[in-house]
Amino acid sequence: MFFRSALIFVLGASAATAVSLEAKKAPRTPVEAKEAPRTIMEQDVTVFEAPRWARGERVKGDEPVTLTFFLKHCPYQFAKFHADLTDRSDPASPNYGKWLDVEGVKARLKPSADALEAVKNFVESMGGVPAVDKFESVVSTTVPAKSVEEHLATVLHHHGHTERNAQVIRAVKAYSLPTEVAKHVSVVGDLVRFPRLKPAALVQEAHPTEAVDDDSAWTKCGSSYSGFVNPHVLAERYGFEFPKLSHAKGNSLGLAEFQRQYYDDPDLEAFTKACKLQTNVTVSKVEGGNDPKACSGGFQGCVESLLDIEYAGAVAGAIPLKVYYATDYSLLSWANQLLSKDGVPPVHSVSYGNDEAQQTGRAYMDSVNTAFAKLSATGVTILFAAGDQGVWGREGVGTKYHPDFPAGSPYVTAVGGTDFKEKGTIGEETTWPDGGSGFSNDFTRPKWQDSYVEKYLAEAKGSLPKFPHVYNASSRAYPDLSALAGVVNAYLVALEGGKRFASVGGTSAASPVVAGIIAQINDRRLSAGKSPLGWLNPALYKCGEGVFNDVTTGKTSGGIVGGFPAAKGWDAATGFGTVQYKPLAKCLVAN
Ligand SMILES: *[C@@H]1O[C@H](CO)[C@@H](O)[C@H](O)[C@H]1NC(C)=O
Ligand SMILES: *[C@@H]1O[C@H](CO)[C@@H](O)[C@H](O)[C@H]1NC(C)=O
């Protein structure tokens, strides 16, 4: 742990500015209680501060604030929707791959017209113009902070991250809605609860060594940067098409990037050139704007998004890449952004998450999960980096493991991490000790996982964590599969137009690699006139153990204690292990 912290970014200058903001007592009069009965929202959230977020000034009355109201879904309706989705995701079903369009989702999962009216009216009473999403279940608006404080009976403050250049607005006390409105609303997005910024993947400057004169995959990215994982090493180990020179109509790959993690073309060109790729790594479309200048300021600028783009791009080859920038660190707004757009890529990689423990709000997790279910039902595969702190999560060692959200969501395919067993040898892999893994505390175990998890629990019994109360073995287990992520041979990333290279690790490296592989499999499906993979997990678990490189050694102790051991077959350290492209593609294209 300490070793890794030492490698993480230096403080950003503007983050320091944010920290120095003093919490001033605003001279405004307290909000008067409204007469209509009110309901406190997200009642299980009781803490309105977070480590590494410093409270700044109260938000000025006329500052615009965007509110997003997520309407409730009837649990019975959602259960039916889930059952229908499960059927469409089962390769043995005649309905496999028959994904829904917006009308199809709405017909099955739409709040009542009354509910929508009530929320729209409330927004209008705030002085806002309600914008309704195309699924008719999310209403958003932008209104002055004063109106939010008054109508939601709360107080808003700016907050700045103490280590990163990031700002958010959050309520510093509970918020409430008139009961008549509250009964239709699950959460108002991102008012309480702070995002956990993914710590930068392990970063160090990669220094050129003596030029190596051999022809192995290790030296393909410039002979003086030998020994790093690069696209050639990945291709040799995982066997995907390399180079991938063409793409099927309608295929693409999406990457989620957050606040200030931008990219610039000179870096992508430098990577393409240094690694002698036969396909250019380029971004075909950016949603949410880009600021390439952010990438000239050393490591901090762009390393995480460059890692995603360089590796997803190198694996996906000619398949177009789309980058989605979310202006805030919000899983809900990211999912909502995808749900509101047409032509969304059929696979997405996201290297961003939270500990479940920190997502104290059940309603919040349910809203995110519902958004993921809708995306899955429209034929979108969602991959998440499983986390970079082993079982302990970002909360650190305690009396319980800290599972990651949304890696623990059943609609997400969670990507864990491995290292090469022998440094510099493309061959067997072992568990990366810091790979996120284990059992959710909030989501029940899906049927498609049952037999694998039961077998693991029985066979690995002797080497499982000694204290069963530190995890909940009856819930959703993750990761589902893994890819190289560790520091035995770190990934080589081009920065600053190729003037510098960084060595980077973490499941945020593994996830875009797997996304590139899934994009290649989607390409084969689309070329054969089939639908994209969509919700992947049920089909992945049906393919099962034979189509992966099994990882049987190591455990996810976070470099400290405890953790889940790898074992023969599926395990809670690396899932099925890492991809063998040919048999996996054969299995996933068959139906
Ligand atoms: C890659 O980019 C270079 C320079 O911009 C161009 O000459 C080349 O044709 C491109 N290759 C492919 C496969 O698009
Ligand atoms: C364990 O998980 C299951 C399903 O996710 C849940 O119903 C149960 O309450 C959990 N047990 C504990 C002790 O948290």
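Note that ligands are numbered from 1 as they come in the structure, with each ligand's atoms numbered from 1 the same way.
Aromatic rings of F228 and F501 (six-membered ring for Trp) have centroids beyond the 6.0 Å cut-off, not under it. Annotation: F242 is in aromatic contact with H232 [ring centroid separation under 6.0 Å]. Checked against a 6.0 Å centroid threshold, the rings of Y452 and W570 do not count as neighbours. If you look at F439 and Y401, their ring centroids are not closer than 6.0 Å. Outside the 6.0 Å centre-distance limit, the rings of F240 and Y581 are not counted as a close aromatic pair. Between Y411 and H82, the ring center distance clears the sub-6.0 Å criterion.
Not close to ligand 1: E269, with no non-hydrogen atom less than 4.0 angstrom away. Using 4.0 Å as the threshold, N441 has no heavy atom nearer than that to any atom of ligand 2.
Among the atoms of Q278, none of the N or O lies under 3.5 angstrom from an N or O of ligand 1.
When only non-hydrogen protein atoms are considered, atom 7 (O) of ligand 2 lies nearest to T444 CG2, 4.8 Å. Of the protein's non-hydrogen atoms, the one nearest atom 5 (O) of ligand 2 is S475 CB, 3.3 Å.
Results of the side-chain contact (heavy atoms from CB on, under 4.5 Å) test with P410 over T444, N537, N369 single out N369 as the only residue that passes.
Applying the 4.0 Å criterion to heavy atoms of N280 picks out, from ligand 1, the atoms 1 (C), 2 (O), 3 (C), 8 (C), 10 (C), 11 (N), 12 (C), 14 (O). Less than 4.0 angstrom separates some heavy atom of F443 from each of these atoms of ligand 2: 5 (O). Those atoms of ligand 2 that come under 4.0 Å of a heavy atom in S474, given as number and element, are 1 (C), 2 (O), 3 (C).
Within the 4.0 angstrom cut-off, atom 11 (N) of ligand 2 has one or more protein heavy-atom neighbours. Put simply, atom 14 (O) of ligand 1 has protein non-hydrogen atoms near it, under 4.0 Å away. Within the 4.0 Å cut-off (strictly below), a protein heavy atom is located near atom 3 (C) of ligand 2.
Heavy atoms of other residues, nucleotides or ligands lying less than 6.0 angstrom from NZ of K447 number 12 at most.
The side chain of N472, and not its backbone, has at least one atom closer than 4.0 Å to an atom of ligand 2 (non-hydrogen atoms only; side chain from C-beta on).
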